[in-house]
2 protein chains.
Amino acid sequence: MPEKTIYNRLAVLRAERGLSRQDLASGLGVNYQTVGYLERGEYSPSLELAFRISDFFRLPIEAIFSREPFRPFSEALYPEETRNTQ
Amino acid sequence: MPEKTIYNRLAVLRAERGLSRQDLASGLGVNYQTVGYLERGEYSPSLELAFRISDFFRLPIEAIFSREPFRPFSEALYPEETRNTQ
DNA sequence: ACATTTTGTTGTACATGTACTATATTCCAT
DNA sequence: ATGGAATATAGTACATGTACAACAAAATGT
């Protein structure tokens, strides 16, 4: 594992779209194992691949990759304070 | 040289700030030769390094790196049509 | 319960990113 | 014109990203 981990939302983004790793891999033009490595954070992609991923999901790189762990989309969209407690 | 080139504005950004490659390299925590390689586009950085560069210049990755060649800042800021012709 | 698909693991191989050393060249100041 | 700084070039070495194959484990649908 690399010293400086980069977190990503690949698994979630992929799940939201109901894609298998193989699906995503084909869309990106990489081996399906590579998607696995990335999702598990075993290494971070090249900048080139990061751009392809960004294009694929139509999201800026910063929305997909970060040095800080991501908060769940759900949490970000429905903040703590606004949640129904019952 | 890598197949898929990624263009960047490193040289310009560095020039704007009056930094030597060594200065920038120290700021980024890389070898000064590495900055040279990047500026010349001989290879593109790891995503990790791209994030460090993004932090250093306080710009999004997309403002510094692109698959398409960049138009000069000057041109982008002062579009063709608005230029004085005399 | 079974078959199929999806995901994880291990191992090998190769390409690319980064560091480092050394030397050459270009660019400024003075 | 000389010297020092900045940049370019070349070579070696090592780390990390990516592909590929084989197999195990888990999840899913019927």
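Lettering of chains follows the sequences in order, A, B, ..., and the numbering in each one begins at 1.
Every residue meeting the side chain to side chain contact (heavy atoms under 4.5 Å, CB included) condition with B/Arg14, not counting sequence neighbours, appears here in chain and number order: B/Leu19, B/Arg21, B/Leu24, B/Glu39. Checked against side chain to side chain donor-acceptor pair (under 3.5 Å), A/Arg17 has no partners two or more places apart in sequence or in another chain. Take B/Arg52 and apply the side chain to side chain donor-acceptor pair (under 3.5 Å) test, not counting sequence neighbours, and it matches B/Glu48. Judged as a salt bridge (Lys or Arg N to Asp or Glu O under 4.0 Å), and not counting sequence neighbours, the contacts of A/Asp55 are B/Arg67. With sequence neighbours excluded, no residue forms a side chain to side chain donor-acceptor pair (under 3.5 Å) with B/Gln33.
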Could you list, one pair per line, each protein nitrogen or oxygen that sits under 3.5 Å from a nitrogen or oxygen of nucleotides 18-22 of chain D, together with the distance?
unit_1 : atom_1 : unit_2  : atom_2 : d
D/dT18 : OP1    : A/Ser46 : N      : 3.2
D/dT18 : OP1    : A/Ser46 : OG     : 2.8
D/dA19 : OP2    : A/Asn31 : N      : 2.8
D/dA19 : OP2    : A/Thr34 : OG1    : 2.6
D/dA21 : N6     : A/Gln33 : NE2    : 2.7
D/dA22 : N6     : A/Gln33 : NE2    : 3.1

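Side-chain nitrogen and oxygen atoms of B/Arg14 include at least one within less than 4.0 Å of the OP1 or OP2 phosphate oxygen of D/dT7.
With the nearest nucleotide of DNA chain D identified for both B/Asp23 and B/Arg40, B/Asp23 has the one nearer the 5' end.
One interatomic measurement links the two molecules: CD of A/Glu42 to C1' of D/dA15, which rounds to 16 Å at whole-angstrom precision. In this structure, B/Gln22 atom CD and D/dG4 atom C1' are separated by 15 Å, rounded to whole Å.
Under a cutoff of 6.0 Å and an axis angle of 45°, A/Arg9 and A/Tyr7 do not form a cation-pi pair.
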